[in-house]
Novice: 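One structure coming up, written as structure tokens, with questions to follow.
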Amino acid sequence: KNEVEQSPQNLTAQEGEFITINCSYSVGISALHWLQQHPGGGIVSLFMLSSGKKKHGRLIATINIQEKHSSLHITASHPRDSAVYICAVRSRTSGSRLTFGEGTQLTVNP
Amino acid sequence: DTEVTQTPKHLVMGMTNKKSLKCEQHMGHRAMYWYKQKAKKPPELMFVYSYEKLSINESVPSRFSPECPNSSLLNLHLHALQPEDSALYLCASSQEAPGGKETQYFGPGTRLLVL
């Protein structure tokens, strides 16, 4: 079992739909990151969370430390949101290492 | 300036060639990283430099040789690569932060093809 599990692996939505991507992890963490990777390759850091909830534009990220679970929500989805979304954690014992989930491929159709 | 730049964007090389990948950041970050990413897989950490010293080498084969000439630059020297080394090579940087709560900033990557 991977230390970081994401679901779903693939997600197709219609423009305007509310989207949720889930991430579960099995280790004690100092921080959890949500990353976005477009087909061109570059990775953008969306959020870093250690507790609670963060919002940026149409994106909301939440984390429940007790349940070792985080969610990324996209409201009013748009085709430009199509990308791979990756959950990554920094465990308390891993030094500088991030442990990555396998990613969720999101496709938003117009 | 929150940008990490990488050159070249694309690289094709033969198995006997020597080439270098370059990464640069001007955010004053003291940690820099090399990752390798195969298609449809998450990035895999290769090396970490902290304050210009190699702090993590994830058992990477010696045909990959990292170098950190100064706090803004990170190189990855390639020699005698194999076709299975073809991948996207990503550079990242971060500032030290208490409790490990730093954000890593990623470059656009170099897409490498080894023939």
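So you know, we letter chains A, B, ... as the sequences are listed, proteins then strands, and number each from 1. Note that this is a predicted model, so its numbers are computed, not measured.
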Novice: Tyr33(B) and Ser94(B): side-chain donor and acceptor closer than 3.5 Å?
Specialist: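 Note: Tyr33(B) and Ser94(B) side chains meet the donor-acceptor criterion.
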Novice: For Gln37(A), is it the side chain, the backbone, both or neither that has a heavy atom under 4.5 Å from a heavy atom of chain B?
Specialist: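 Just its side chain gets close to chain B.
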Novice: Could you check His77(B) against Ser20(B) for side-chain hydrogen bond (donor to acceptor under 3.5 Å, both in side chains), going step by step and ending with a plain yes or no?
Specialist: CA-CA 4 Å; His77(B) 302 298; Ser20(B) 297; 2.6 Å; yes
Novice: I'd like to verify something: which residue of Ala31(B), Ser50(B), Pro43(B) has the highest number of heavy-atom pairs under 4.5 Å with chain A?
Specialist: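 Of the options given, most contacts go to Pro43(B).
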Novice: Please classify the contact between Gln37(B) and chain A as side chain, backbone, both or neither, with a heavy-atom cut-off of under 4.5 Å.
Specialist: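 Gln37(B) touches chain A through side-chain heavy atoms alone.
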Novice: Is there a donor-acceptor pair closer than 3.5 Å between any side-chain N or O of Arg111(B) and the backbone N or O of His10(B)?
Specialist: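 Not at all, since once roles are kept as given, no pair shorter than 3.5 Å links the two residues.
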Novice: Please determine, among Lys40(B), Glu58(B), Lys9(B), the option with the most heavy-atom pairs under 4.5 Å with chain A.
Specialist: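 Max contact count across the listed options: Glu58(B).
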Novice: Between chain B and each of Leu35(A), Val84(A), Val44(A), Leu98(A), count heavy-atom pairs under 4.5 Å; write down the option with the most.
Specialist: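 If we count pairs closer than 4.5 Å to chain B, Leu98(A) comes out on top.
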Novice: Show the nearest heavy-atom pair for residues Lys22(B) and Asn75(B), with the distance to one decimal.
Specialist: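 Closest pair (atom of Lys22(B), atom of Asn75(B), distance): CG-OD1, 3.5 Å.
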Novice: Can you tell me how the ring of His73(A) sits relative to the ring of Phe18(A), calling it parallel under 30°, perpendicular over 60° and tilted otherwise?
Specialist: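 It falls in the parallel class, under 30°.
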Novice: Heavy-atom pairs under 4.5 Å with chain B are the metric here; pick the option from Arg92(A), Glu102(A), Arg97(A), His38(A) that has the most.
Specialist: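 The residue among Arg92(A), Glu102(A), Arg97(A), His38(A) with the greatest pair count is Arg97(A).
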